[in-house]
Each structure stands twice: as C-alpha cells, then as structure tokens.
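For reference, the structure is listed below as structure tokens.
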Amino acid sequence: MEIKFVENNHLKEKPAASALGFGKYFTDYMFRWTYSREEGWHNARIVPFENLSIHPASTVLHYGSEIFEGLKAYRRADGKVQLFRPIENIRRMNRSAERLCLPELPEDETLEALLKFVKLEQDWTPSDKGTSLYLRPFMFGNDESLGVHAVHNAEFIIIASPVGSYYAQGINPVGIMIEDEDVRAVRGGTGYAKCGGNYAASNRAGERAEQQGYAQVLWLDGVTRRYIEEVGAMNVMFKISGKVVTPMLSGSILPGITRMSCLELLRSEGYDVEERLLSIDELEEAMENGTLEEAWGCGTAAVISPIGELCYKGKKYTVNNGEIGELSQHLYDTLTGIQWGEREDTFGWITEI
Ligand SMILES: *Cc1c(COP(=O)(O)O)cnc(C)c1O
C-alpha cells in the first residue's frame with residue numbers, strides 16, 4: 001500500500017504527563033484516506049494535523065453519517081510500543097460502516113496504515129504508569145449535496161492523542177444511575193454500531209445523572225425498559241451468586257472488545273459466564289438479598305470500572321460495600337498487565353509496533 005507523506009515543519013512540544021487528561025492534546029500528524037464510488041479508497045496520506053475543510057452541505061453535518069473507533073498504544077517497560085487487538089477495531093468499524101451505509105475498509109491495508117501511523121507517532125506514547133496514546137479512527141459521509149441517500153464520498157481519518165491515567169487517583173468505584181426514561185438504542189437501530197449519533201442521543205440522560213452526582217447511566221432496553229443493556233460508553237458485568245452475568249449481544253448494545261476479552265479470559269480460567277437477558281427485577285432482587293457480589297463496567301478507556309452504587313427510581317443500592325471486588329481487580333490486573341506488556345500474552349492479543 002502506498003501512503004503519501006507530507007512533512008510537518010512545525011513539530012509540537014509534548015505535554016507533561018501530569019497535564020494530559022483525556023483527548024486534549026493531539027500529535028503532529030494524521031492519516032487520511034478518501035473514498036468515492038468511482039475510485040474506491042484512494043489517496044492514502046499522512047499529513048500534518050490540521051483543521052479539516054469540508055463543504056457546508058457535507059452529509060455528516062446534516063444527516064449524522066459518522067462512525068468511530070477507540071484503541072490505545074501502550075508503552076512497555078522496555079520502551080517498545082504495542083497495540084491491543086487492533087484488528088478487532090477494524091472489523092467492528094466495518095460492521096458500523098455497513099449499518100450506516102458508509103463504505104467498508106479493506107482490513108489488511110487499514111491495519112497496515114494504522115501501524116505505519118503509530119510507528120511514525122510512537123514518540124508521543126507517554127511512559128508514566130497508566131498513560132497511553134489514544135487512537136481515534138473515524139469515518140464520515142462527505143457528499144457535497146443535501147440529497148438523502150447512501151453516501152458516495154467519505155473520509156477515513158486517524159488522529160492520536162496522548163492520554164493520562166484513567167485512575168490517576170487510584171481505582172475508585174463509581175455511582176451509576178439506572179435510566180428509566182430515555183433509551184439509547186433499540187434492536188434494528190444503530191446500538192451495535194459505534195456511531196456519533198448514539199452518543200448525541202444519550203447526552204440528555206448522562207447530563208441528568210451527572211447533576212445528581214452519578215458518573216454515568218445504565219441503560220435499559222428500548223422496548224420494555226426491563227432488561228439491562230450497558231453503561232454509558234462501557235459494557236457491564238455482574239457477579240451474582242458466584243457467576244458472571246452480562247447482557248447478551250442482542251443488536252442494541254455495543255460489542256466491546258474489552259467485554260469480549262473479559263469473557264475469553266474468564267472462560268479460559270474456568271469461570272461460569274452467562275451472556276443472557278438480565279432483567280432489572282432480577283438485579284434488584286440480587287441487590288436486596290445480597291447475592292450481587294460485584295458489578296463493573298468494561299471498556300478501553302477505564303479497562304475495568306467498578307460500580308460501588310446503583311440508583312433505580314430513587315432507591316440507592318450499595319454494591320460490595322462500595323469497594324472494588326476481587327474479580328474486578330483480577331480482570332483489571334490481568335488485562336492491563338497484558339496491555340502494558342507486564343504479563344505474558346498467551347492469547348495472541350498484542351501487536352508490536
Ligand atoms: C466503545 C464502546 C464500548 C466499549 O468498547 P471497547 O471496545 O471495549 O472499548 C461500550 N459501549 C459503547 C456505547 C461504546 O461506544
């Protein structure tokens with residue numbers, strides 16, 4: 001694959017690890033690839049990071065044709081940089097693209113481009129504990145016309161942002177508000193696609209939860225509001241009477257790569273894991289009779305985010321005394337150990353740069 005390179009003559013100074021936060025700083029370059037019906041994917045290029053110029057009628061600005069991915073590059077103790085299951089992000093992006101009628105990407109070439117881009121920008125990967133280089137591939141419809149139809153032109157871009165440790169203050173169990181009014185997605189909709197529109201639709205509930213002191217919302221299914229779906233931008237798992245239970249992939253929840261990795265890991269260790277429907281009634285009962293042992297969210301940003309409190313219709317339940325549970329800690333240690341190269345990767349999840 002040929003990737004054109006345009007040099008940036010104004011390289012930026014890298015921020016101090018303590019200033020990083022999430023998604024505030026961006027590296028010197030970005031990868032761009034342009035699609036048209038006539039030419040397919042063409043003009044692959046790495047260019048200086050800069051503002052985009054798009055037509056005011058561009059599809060994305062009016063009809064929300066946008067999908068994205070999120071993954072991280074991790075710096076190991078020996079200085080090398082590595083990625084965690086990047087091919088899964090590319091595959092998921094293609095499933096999102098299919099749902100939104102955006103063009104699919106060739107898997108191998110996209111991975112090649114991603115690796116080349118990370119290699120070029122790898123010095124931006126911070127080395128302090130818990131820090132990483134967050135990679136944000138995204139795609140949007142870019143027809144210069146207000147007509148409504150499957151897009152004929154699109155842009156695929158990868159940007160990168162050095163990010164701080166999610167747990168700079170140590171792992172802290174969060175409070176979650178169970179949302180019983182707004183819904184995030186329905187089966188047949190775009191719930192399983194990682195698209196910007198899903199986030200736009202969930203902001204109102206997120207805002208309300210925040211005003212009441214909760215970190216995120218837990219979504220119920222869009223039809224009956226009885227079944228647990230996921231938490232904000234994370235999948236959710238519960239340990240009930242010794243078994244791990246997580247909502248099955250029904251089409252309305254996002255198939256997380258951290259979720260998949262937790263399940264593969266737990267099964268390899270002989271845990272009882274159930275992917276099934278889990279109703280709010282069953283969860284309430286488990287909270288009331290003490291059989292809910294642990295609850296946690298899982299996603300690339302936090303890896304594992306223990307849940308210390310759940311609130312449903314104004315009723316508050318404390319989970320595991322508001323402390324991180326043994327299994328949550330075990331999953332966190334194992335996954336982060338593999339990601340930062342402190343533990344052997346027996347699953348073949350790691351791609352070295
Ligand atoms: C990205 C995302 C997740 C987590 O997926 P990972 O691949 O584990 O990072 C979960 N839910 C939603 C809504 C998401 O957008």
Side-chain angles (χ1 to χ4, degrees), residues 69-77 80-92 95 129-130 132 134-135 165-167 170-174 176 192 194 218 228-250 253-278 286 291-308 319-320 323-352:
E69 275 301 325
L71 70 164
K72 289 171 169 177
Y74 306 87
R75 174 138 355 244
R76 304 195 311 221
K80 289 225 169 86
V81 169
Q82 61 185 28
L83 302 179
F84 183 73
R85 313 190 79 173
I87 195 68
E88 298 297 342
N89 292 91
I90 294 168
R91 289 181 181 144
R92 184 169 65 192
R95 295 196 299 272
K129 189 163 175 59
S132 57
Y134 185 79
L135 305 167
S165 172
Y166 194 90
Y167 291 116
I171 295 189
N172 196 13
V174 293
I176 298 287
Y192 69 88
K194 212 169 171 73
L218 190 154
I228 308 288
E229 299 240 300
E230 60 180 308
V231 173
M234 290 186 283
N235 295 111
V236 66
M237 298 188 174
F238 302 92
K239 185 162 168 254
I240 304 173
S241 303
K243 275 188 194 165
V244 175
V245 183
T246 193
M248 64 193 198
L249 299 177
S250 56
I253 73 173
L254 202 286
I257 294 160
T258 318
R259 174 189 182 278
M260 173 166 73
S261 306
C262 285
L263 296 180
E264 289 174 28
L265 185 69
L266 289 168
R267 286 189 174 123
S268 79
E269 294 176 336
Y271 281 93
D272 245 334
V273 181
E274 294 178 350
E275 293 176 77
R276 60 169 170 86
L277 288 175
L278 171 63
T291 51
L292 176 69
E293 295 160 10
E294 295 182 38
W296 64 90
C298 53
T300 297
V303 189
I304 299 294
S305 181
I307 297 171
V319 184
N320 192 36
E323 288 161 19
I324 179 165
E326 214 175 294
L327 192 57
S328 313
Q329 184 76 56
H330 169 67
L331 285 170
Y332 181 80
D333 291 342
T334 310
L335 289 177
T336 57
I338 293 172
Q339 287 165 339
W340 272 277
E342 293 149 7
R343 276 180 196 229
E344 193 194 345
D345 165 31
T346 54
F347 296 90
W349 288 341
I350 292 302
T351 303
E352 251 187 55

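Nothing here was measured: the structure is a model prediction, and the numbers come from that model. The figures that follow rest on heavy atoms only: side chains count, while hydrogens, waters and symmetry mates do not. Residue numbers count from 1 along this sequence.
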Any pair counted as side-chain hydrogen bond (donor to acceptor under 3.5 Å, both in side chains), so long as it reaches residues 294-307, sequence neighbours left out: E294-S328
Set of residues satisfying ring-ring contact (aromatic ring centres under 6.0 Å, His included) with respect to F238, sequence neighbours excluded: none
Rounded distance (nearest 0.5 Å) linking atom OG of S241 with atom CG of D272: 11.0 Å
Non-neighbouring partners of K239 that pass salt bridge (Lys or Arg N to Asp or Glu O under 4.0 Å), sequence neighbours left out: E293
Distance-minimising heavy-atom pair for Y166 and A302: CE2-CB, 3.2 Å
Nearest-0.5 Å distance, OG1 of residue T334 to CD of residue Q329: 9.5 Å
Minimum heavy-atom distance between C262 and L335, given as atom pair plus value: SG-CD1, 3.8 Å
Salt bridge (Lys or Arg N to Asp or Glu O under 4.0 Å) partners for E274, two or more places apart: K243, R276
Heavy atoms from other residues, nucleotides or ligands near CD of E342 exceed 12 (cutoff 6.0 Å): yes
Shortest non-hydrogen separation from V319 to A295 and the atoms involved: CG1-N, 3.9 Å
Results of side chain to side chain contact (heavy atoms under 4.5 Å, CB included) for E269 - residues two or more places apart only: L265, Y271, H330
Side chain to side chain contact (heavy atoms under 4.5 Å, CB included) against S165, all qualifying residues, sequence neighbours excluded: Y167
G299 versus M234, closest heavy-atom pair with distance: N-CG, 4.2 Å
Residues forming a side chain to side chain contact (heavy atoms under 4.5 Å, CB included) with R76, sequence neighbours excluded: D78, K80, Q82, E352
Any residue meeting salt bridge (Lys or Arg N to Asp or Glu O under 4.0 Å) with E264, in chain and number order, not counting sequence neighbours: R85
Main-chain N/O of R259 paired with N235 side-chain donor or acceptor, under 3.5 Å: no
Which residues share a salt bridge (Lys or Arg N to Asp or Glu O under 4.0 Å) with R92, sequence neighbours left out: E69
P86: partners by side chain to side chain contact (heavy atoms under 4.5 Å, CB included), with sequence neighbours left out: L71, L83, L111, L114, T351
CG-SG distance between L331 and C298, expressed to the nearest 0.5 angstrom: 8.0 Å
Student check: side-chain heavy atoms of I176 and V236 closer than 4.5 Å: no
Shortest non-hydrogen contact between L249 and L254, atoms and distance: CD2-O, 4.4 Å
Between OG on residue S250 and CG on residue L277, distance to nearest 0.5 Å: 7.5 Å
Verdict with reasoning, I324 to I304, per side chain to side chain contact (heavy atoms under 4.5 Å, CB included): CA-CA 10 Å; I324 179 165; I304 299 294; 5.7 Å; no
Close side-chain approach of S132 to Q339, heavy-atom, < 4.5 Å: no
Non-hydrogen atoms of E229 and I253 that approach each other most closely: CB-CG2, 3.5 Å
By ring-ring contact (aromatic ring centres under 6.0 Å, His included) - contacts of Y134 (at least two apart): F22
M237 side chain reached by L263 side chain, heavy atoms, under 4.5 Å: yes
Which residues share a ring-ring contact (aromatic ring centres under 6.0 Å, His included) with W349, sequence neighbours left out: F84, F347
Note, D333 side chain near R343 side chain (heavy atom, < 4.5 Å): yes
